[in-house]
Amino acid sequence: MQLSPSGWTLLHAGHGGSADPAFLALLALAGLGSAVVLGLALAALVRRRSRSYLLVTLALATLLARTAVAVLSLTGSVAEGSHHLLEHGLDAAMAALVVAAVLDARSVRQSARSDDSRDPRTGVPTDDGGGEER
């Protein structure tokens with residue numbers, strides 16, 4: 001934060017002008033942190049190879065994309081209105097990807113539970129009601 005005549009304001013990049021050194025440091029730290037987290041997510045995706053891990057990886061990629069939008073805004077490559085539209089769009093995409101990952105993981109778990117009660121050779125449901133054998 002920096003002190004302005006009207007009080008405390010959030011650090012923000014100017015379009016095409018010089019940015020506050022604290023903002024530049026924060027942006028670099030955000031980019032580095034996002035890249036590390038995305039790298040870990042990619043490693044987990046390669047190991048697990050599931051749709052849920054893919055969706056989480058894509059959600060985490062939006063963090064790095066937000067940093068890229070901020071850098072482009074700082075250099076004047078992205079207009080202020082587009083900057084905010086892109087950031088909020090990435091926020092919505094992240095939320096949607098996380099929700100999709102959770103729903104996918106739940107559906108896979110429910111599917112695995114229902115498959116447990118089937119004969120592995122035929123796929124026909126077995127009688128697990130504890131009844132008498134005939």
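The model shown is predicted, which means the values in this text are computed figures rather than measured ones. We number each residue from 1, following the sequence as shown.
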Using 0.5 Å steps for rounding, measure from the [atom1] atom of [X] to the [atom2] atom of [Y].
{"X": "L60", "Y": "L45", "atom1": "CG", "atom2": "CG", "value": "11.0 Å"}
{"X": "L24", "Y": "D20", "atom1": "CG", "atom2": "CG", "value": "7.5 Å"}
{"X": "L32", "Y": "L64", "atom1": "CG", "atom2": "CG", "value": "10.5 Å"}
{"X": "E87", "Y": "T67", "atom1": "CD", "atom2": "OG1", "value": "9.0 Å"}
{"X": "H83", "Y": "R66", "atom1": "NE2", "atom2": "CZ", "value": "8.0 Å"}

Checking the side chain of [X] only, and the main-chain atoms of [Y] only, is there a donor and an acceptor separated by less than 3.5 Å?
{"X": "S34", "Y": "G31", "result": "no"}
{"X": "D104", "Y": "R51", "result": "no"}
{"X": "S50", "Y": "Y53", "result": "yes"}
{"X": "R49", "Y": "V46", "result": "yes"}
{"X": "S52", "Y": "A105", "result": "yes"}

Could you pull out the closest heavy-atom pair between T62 and A93, with the gap in Å?
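Here T62 and A93 meet closest at CG2-CB, 4.5 Å.
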Closest approach of A59 to M94 (non-hydrogen atoms, all atoms of both residues)
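Answer, listing the atom of A59 first, then M94: O-CG, 3.7 Å.
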Within-4.5 Å side-chain heavy-atom neighbours: V56 and L97:
no
Compare all side-chain heavy atoms of L27 with those of V71 and state whether any distance is below 4.5 angstrom.
yes
Hydrophobic clustering (ILVMFWY, side-chain heavy atoms < 4.5 Å, transitive) - are L72 and L86 grouped together?
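Same cluster: L86 reaches L72 through Ile, Leu, Val, Met, Phe, Trp or Tyr contacts under 4.5 Å.
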